[in-house]
Colleague: 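Before I ask anything, here is the structure I am working with.
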Amino acid sequence: MAYNFKQIEKKWQKKWEETKIFEVSEKSKKKKFYVLEMYPYPSGSGLHIGHGLNYTLGDIYARFKRMNGLNVLHPMGFDSFGLPAENAAIKVGVHPKKYTQKSIAAFINQQKSLGWSYDWKRIVSSCEAEYYKWNQLFFLKFLEKGLAYRKKAPVNWCPKCKTVLANEQVHNGVCEYHKNTEVGIKHLEQWFIKTTEYADELLNCTDSLNWPKRIKVMQKNWIGKSFGTEINFEINKEEWPVFTTRPDTIYGVTFMVISAQHSRLMDIVTADYEDEVKKFLKKIKSVSEKDVEELEKEGVFTGSYAINPLTNEKIPVYAGNFVIADYGSGMVMAVPAHDQRDLEFAKKYKIKIKQVIEGNFTRDRAYTGEGKLINSEEFNGVKSKEAINKITELLQKKKLGKKTVQYKLRDWLISRQRYWGTPIPIVYCNKCGIVPIPEKDLPVLLPEKVKFGKGNPLKTNSSFVNIKCPKCKGQAKRETDTMDTFFDSSWYYMRYCDSKNFKKPFDKKKIDYWMPVDQYIGGAEHACLHLLYSRFFTKALRDLGFVKFDEPFAKLFNQGMLHASDGRKMSKSLGNVINPIEVVKNYGADSLRLALMSFASLDSDTHWDEKVLVGNFKFVNKVVEYYTNVKIEKSNVKIESRLNKMIRDVSEYLENFKYNLAIIKIRELFNYFPQENSKDVLEKFLKILHPFCPHITEELWEKIGNENFISLEKWPEVDEKKIDENLEKQEEAVEKLVKDIHHVLSLVNKSSSKVYVYVLPNEKKNYIDNLELIKKRTELDVVIFAVNDKKKYDPENKSKKTKPGKPGIYLE
RNA sequence: GCGGGGAUGCUGGAGCGGUCAAACAGGACAGACUCAAAAUCUGUUGGCUUAGUGCCUACGUAGGUUCGAACCCUACUCUCCGCACCA
């Protein structure tokens with residue numbers, strides 16, 4: 001019969017809530033520890049199994065740390081602005097606010113049913129004015145400091161989202177949220193945050209972070225620092241700087257390519273070639289951005305020529321589809337012999353190819369490696385690595401170029417043409433231009449009465465749009481774009497430290513006490529989004545005097561993805577979705593928690609397995625049953641030895657997120673539990689199991705006579721003195737005997753009911769002590785003799801087979 | 001193309017120089033209990049061999065280092081994941 005998990009879980013969830021035992025304050029004498037999982041977007045469909053994994057993972061860690069005597073901050077909140085709510089509003093006709101509030105209420109209910117131990121009084125919801133007010137404040141501070149600016153730029157536009165997106169939200173030319181929708185380019189005036197200001201610091205600090213290697217690598221690549229040389233090429237008497245990492249190949253430059261998207265492209269195009277260039281631009285616009293690798297390198301001659309600063313050669317300038325407009329200067333010097341792209345282009349347009357580095361160059365394959373320079377006048381014979389410096393020096397001396405650094409990282413575009421987000425606190429005045437809303441007038445409230453479905457609801461709301469200019473009091477219009485929701489999530493973890501502060505985003509003392517987050521937990525998909533923005537935000541706020549630390553998340557753990565049992569991604573259309581709440585209904589939260597943690601190592605991708613769930617459910621049932629029937633007696637040294645060893649192992653496993661192995665150790669020990677056990681052992685076992693199964697452990701803790709919460713108990717310490725390897729060797733010897741008896745039994749192939757065991761006199765005690773166990777395991781009548789026992793029954797003289805640790809056996 | 005991770009028995013998945021035919025779980029099989037089943041309990045689960053032994057073949061493929069390799073090195077194959085025309 002299954003135990004009554006429904007009743008038990010409800011009971012303890014209610015008690016935890018009523019007694020507020022997970023609420024913490026910075027006044028504690030204990031050392032602080034901040035455990036955080038990435039806050040969820042409260043979707044209307046409720047918790048999914050990925051949430052189950054992520055938050056259980058964090059909860060176990062929080063409970064573990066709490067029991068280890070730390071003052072653990074473990075908060076929860078909601079990333080509650082964002083498109084889905086707004087789209088639902090358009091579709092179903094519910095206001096996003098109502099929709100979101102309802103979703104959050106449902107979320108909280110479900111979260112509580114999984115037994116997650118949060119300090120609920122610190123709850124944060126980013127769509128509330130009391131939160132987004134501070135977004136607006138930070139924006140104004142950024143603006144003051146030059147970290148926020150407005151500029152007209154080619155930006156990514158998703159026709160499904162009906163808004164622009166940041167670089168980080170576009171992959172392979174498609175929208176992060178609509179994988180079938182191609183992102184187009186629009187030229188718009190938008191608000192940017194100057195993340196590039198911190199590119200170098202972000203890059204340099206990466207190494208020191210205690211984060212998974214791959215996340216660090218991804219961020220490094222995203223920031224993409226490269227060292228090179230800026231070389232000035234003269235085109236139509238004007239200097240055009242061009243970035244290159246290979247100035248050593250400058251004598252091999254045979255043409256130039258300017259990006260087709262370059263804002264000044266038309267300045268170069270001569271009258272004769274205007275038509276052709278325009279035709280080309282039209283053509284590449286219609287080409288899909290998606291299949292970049294298959295895209296052929298194409299271009300068109302602009303009619304202009306550039307002068308190679310070292311050779312004074314006249315070389316043609318092309319407009320090309322493979323040059324990125326906003327990396328470097330949007331123009332490249334092309335060296336077809338030593339760059340594959342340039343080679344393909346040169347072959348297509350029959351441009352001269354000139355080899356300048358010794359190496360394995362063919363007409364199909366550019367040589368991109370190192371080597372001695374050739375055809376390079378005074379630099380002939382110089383090794384390419386050396387030549388990079390020498391040529392740069394020469395250019396610098398002649399004022400034709402300089403050493404520089406380039407980053408791939410672009411500034412963060414935060415404007416969104418959508419309603420459900422933080423209003424950007426800006427006014428446009430015909431007289432005064434861009435005017436920030438004064439701090440004292442914050443928050444700029446998001447108007448609630450708006451019309452959905454006809455473009456940006458803020459734009460059509462005249463009472464919102466029309467405002468008097470804060471400076472000249474003349475007629476002005478508000479900014480109607482809202483902020484990217486990643487702006488919200490860039491500092492929510494700081495707000496938790498002081499979430500009820502209505503005067504400031506947070507109190508300095510409190511933030512100094514709690515921050516940085518000691519252990520952050522979340523998916524790897526945020527490597528170059530949330531995690532990078534948050535790092536930027538921290539550094540920017542530090543320089544604005546808000547905080548003192550440099551990095552927000554000291555340690556990071558990335559859990560793997562949990563796929564469906566068929567190995568595919570869980571999705572409604574495939575019908576393979578596991579709903580955690582259903583599982584809780586049928587098996588209870590404790591079993592679900594245990595199952596989620598035991599599929600595989602937590603940092604690797606794995607898949608759902610019903611059998612694992614059932615197996616864990618059975619285990620939980622056995623534990624409950626054991627504690628209901630166990631006789632509380634004196635403990636025995638063997639159990640204590642194993643217990644202490646288990647405590648040692650599990651503590652280490654928990655610390656390192658090897659929960660799957662921790663569970664195995666716990667189960668192993670439980671399998672050794674005899675009919676009777678000491679209270680001490682029973683209590684310690686519950687404590688170790690508690691982070692995984694908080695409900696039944698509270699219940700059983702109470703059942704064996706405790707009145708306080710096991711949640712607040714101290715983690716058992718390892719008593720090394722009690723760990724006795726000899727005891728285990730003895731147990732193993734008994735195990736071995738049982739196995740041997742079974743073995744012989746299977747060989748003799750006849751039914752036996754009695755077994756005579758002949759042991760060395762000094763080993764006899766060990767076997768006598770375990771006589772009951774041997775009987776039970778062999779299901780035979782067992783008689784143990786010492787080999788020197790004169791009266792022993794030994795018809796086949798099997799006692800002569802006895803060796804140390806290996807008794808003789810006779811079956812009858 | 002660049003970068004990162006994997007490949008273990010019927011399955012999931014530990015192990016990361018000896019104590020490994022390989023934890024733990026599941027499945028399958030056998031036995032006990034039962035009128036029977038479920039649940040529970042006790043075993044077996046690479047091959048051959050033996051009253052508890054010994055041997056052989058095994059940890060993607062091929063080599064190498066070592067007294068000794070699933071574990072280290074090299075190459076290859078396959079696979080998953082990030083980034084991707086960044087000059």
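To find a chain, count down the sequence lines: A is the first, B the second, and so on, and within it residues start at 1. Bear in mind that the values here come from a model prediction, so they are computed numbers and not experimental data.
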Colleague: What distance, rounded to whole Å, do you find between the two P atoms, one in B:G15 and one in B:U53?
Modeller: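 Nearest-Å result for B:G15 against B:U53 at atom P: 30 Å.
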Colleague: Which value, in whole Å, describes the distance between the P atoms of nucleotides B:U57 and B:G5?
Modeller: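 Each nucleotide's P atom is 34 Å from the other's.
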Colleague: Go through the steps for A:Asn308 and A:Tyr251 under the test side-chain hydrogen bond (donor to acceptor under 3.5 Å, both in side chains), then give the verdict.
Modeller: CA-CA 8 Å; A:Asn308 183 324; A:Tyr251 289 92; over 6 Å; no
Colleague: With rounding to whole Å, what would you report as the distance between B:U8 and B:G54 at their C1' atoms?
Modeller: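 Their C1' atoms lie roughly 26 Å apart.
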Colleague: Counting only side-chain heavy atoms from C-beta out, which of B:G52, B:A51, B:U44 sits nearest to A:Leu811?
Modeller: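 Side chain of A:Leu811 sits closest to B:A51.
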Colleague: When you check the gap from the basic side-chain N to the acidic O, do A:Lys220 and A:Asp207 get nearer than 4.0 Å?
Modeller: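 Answer for the salt bridge query: yes.
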Colleague: For A:Glu796, answer base if it contacts any base atom (sugar-phosphate contacts may also be present), sugar-phosphate if it contacts only those atoms, and nothing otherwise; contact means non-hydrogen atoms under 4.0 Å.
Modeller: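 The answer is base, as A:Glu796 lies within the cut-off (heavy atoms under 4.0 Å) of a base atom.
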Colleague: For A:Gly320, report the nucleic acid contact type (base, sugar-phosphate, nothing); a contact means any heavy atom under 4.0 Å.
Modeller: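 Nothing, no heavy atom under 4.0 Å.
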Colleague: Verify whether one side chain among A:Ser601 and A:Asp603 offers a donor that lies under 3.5 Å from an acceptor in the other.
Modeller: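 Their side chains do contain a donor-acceptor pair, which is all the 3.5 Å distance test asks for.
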Colleague: Tell me what A:Val335 touches on the nucleic acid: a base, only sugar-phosphate, or nothing, going by heavy atoms under 4.0 Å.
Modeller: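 Touches nothing.
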Colleague: If you take any heavy atom closer than 4.0 Å to RNA chain B, which residues from residues 250-265 of chain A end up in contact?
Modeller: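 Nothing qualifies; none.
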Colleague: Would you please indicate yes or no on a ring centroid separation below 6.0 angstrom for A:Tyr318 and A:Phe345?
Modeller: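 Aromatic pair counts; centres sit under 6.0 Å.
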Colleague: Using a cut-off of less than 4.0 Å, is there contact between a side-chain N or O of A:Ser226 and OP1 or OP2 of B:A87?
Modeller: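 Result: yes.
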Colleague: Whether the A:Ser598 and A:Asn616 side chains hold a donor-acceptor pair (N or O, under 3.5 Å, no angle test) is what I'd like checked.
Modeller: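 There is such a pair (donor and acceptor under 3.5 Å, judged by atom type) between the side chains of A:Ser598 and A:Asn616.
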Colleague: Where the side chain of A:Glu668 is concerned, which of B:A25, B:C41, B:A23 is the nearest nucleotide?
Modeller: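 Between B:A25, B:C41, B:A23, the one nearest the side chain of A:Glu668 would be B:A23.
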Colleague: Which heavy atom of A:Leu165 sits nearest a heavy atom of A:Gln169, and at what distance?
Modeller: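 Closest approach of A:Leu165 to A:Gln169: CD2-OE1, 3.6 Å.
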Colleague: For B:A87, take OP1 and OP2 only and decide whether either is under 4.0 Å from a side-chain N or O of A:Tyr327.
Modeller: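 Checking A:Tyr327 against B:A87: at least one side-chain N or O falls below 4.0 Å of OP1 or OP2.
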Colleague: Say you pick atom P in B:G60 and the same atom in B:G6; how far apart are they, in whole Å?
Modeller: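 These two P atoms come out 13 Å apart once rounded.
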Colleague: Counting only side-chain nitrogens and oxygens, does A:Lys775 get under 4.0 Å of the OP1 or OP2 atom of B:U42?
Modeller: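 It does not, given that no N or O in the side chain of A:Lys775 lies less than 4.0 Å from OP1 or OP2 of B:U42.
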Colleague: Does one side chain, of A:Tyr533 or A:Glu168, offer a donor that lies under 3.5 Å from an acceptor on the other?
Modeller: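 There is such a pair (donor and acceptor under 3.5 Å, judged by atom type) between the side chains of A:Tyr533 and A:Glu168.
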Colleague: Of the options B:G52, B:C86, B:A14, whose atoms approach the side-chain atoms of A:Pro807 most closely?
Modeller: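 Of B:G52, B:C86, B:A14, B:G52 is nearest to the side chain of A:Pro807.
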Colleague: Suppose you measure atom C1' in B:G63 against the same atom in B:C24; what distance do you get, rounded to whole Å?
Modeller: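 Here B:G63 and B:C24 have their C1' atoms 34 Å from each other.
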Colleague: Once you round it to whole Å, what is the distance between C1' of B:U53 and CD1 of A:Ile809?
Modeller: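 From A:Ile809 CD1 to B:U53 C1': 12 Å.
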Colleague: If you check every side-chain atom of A:Val217, which of B:G3, B:A84, B:G12 has the closest atom?
Modeller: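 Ranking B:G3, B:A84, B:G12 by closest atom to the A:Val217 side chain puts B:G3 first.
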Colleague: Among B:A51, B:C41, B:C86, find the nucleotide with the atom closest to the side chain of A:Lys798.
Modeller: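 Nearest to the side chain of A:Lys798 among the choices is B:A51.
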Colleague: Contact class for A:Lys665 vs. all strands (heavy atom < 4.0 Å): base, sugar-phosphate, or nothing?
Modeller: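 It contacts nothing in the nucleic acid.
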Colleague: Given the ring of A:Tyr672, does A:Arg642 sit roughly above its face, with NZ or CZ under 6.0 Å from the centre of the six-membered ring and within 45° of the axis?
Modeller: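 Cation-pi check for A:Arg642 and A:Tyr672: passes.
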Colleague: Can you check the distance between B:A7 and B:A87, where both ends of the measurement are the C1' atom (answer in whole Å)?
Modeller: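 The same atom, C1', in both gives a distance of 38 Å.
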Colleague: Counting side-chain heavy atoms from C-beta on, which of B:G5, B:C83, B:A25 comes nearest to A:Lys213?
Modeller: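 Nearest nucleotide to the side chain: B:G5.
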Colleague: For B:A25, does OP1 or OP2 lie under 4.0 Å from any side-chain N or O of A:Asn671?
Modeller: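 Checking A:Asn671 against B:A25: at least one side-chain N or O falls below 4.0 Å of OP1 or OP2.
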Colleague: Could you work out which one of B:A51, B:C86, B:C24 sits closest to the side chain of A:Tyr810?
Modeller: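 Between B:A51, B:C86, B:C24, the one nearest the side chain of A:Tyr810 would be B:A51.
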Colleague: Between B:C86, B:A25, B:U53, which nucleotide has the shortest distance from any of its atoms to the side chain of A:His743?
Modeller: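 Nucleotide nearest to A:His743's side chain: B:U53.
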Colleague: Under 4.0 Å between any heavy atoms, over every strand shown, what does A:Pro212 touch: base, sugar-phosphate, or nothing? Just pick one.
Modeller: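 If one applies the 4.0 Å heavy-atom cut-off, A:Pro212 turns out to touch nothing in the nucleic acid.
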Colleague: Give me the distance, rounded to whole Å, that separates B:G68 from B:U79 when you measure between the C1' atoms they each carry.
Modeller: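 Looking at atom C1' only, B:G68 and B:U79 are 31 Å apart.
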Colleague: Roughly how many Å apart are B:C78 and B:G27, using the C1' atom of each and rounding to a whole number?
Modeller: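 That atom pair is separated by 27 Å.
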Colleague: Take the protein atom CD of A:Gln219 and the nucleotide atom P of B:G4, then report the distance between them rounded to whole Å.
Modeller: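 Taking atom P of B:G4 as the reference, CD of A:Gln219 is at 17 Å.
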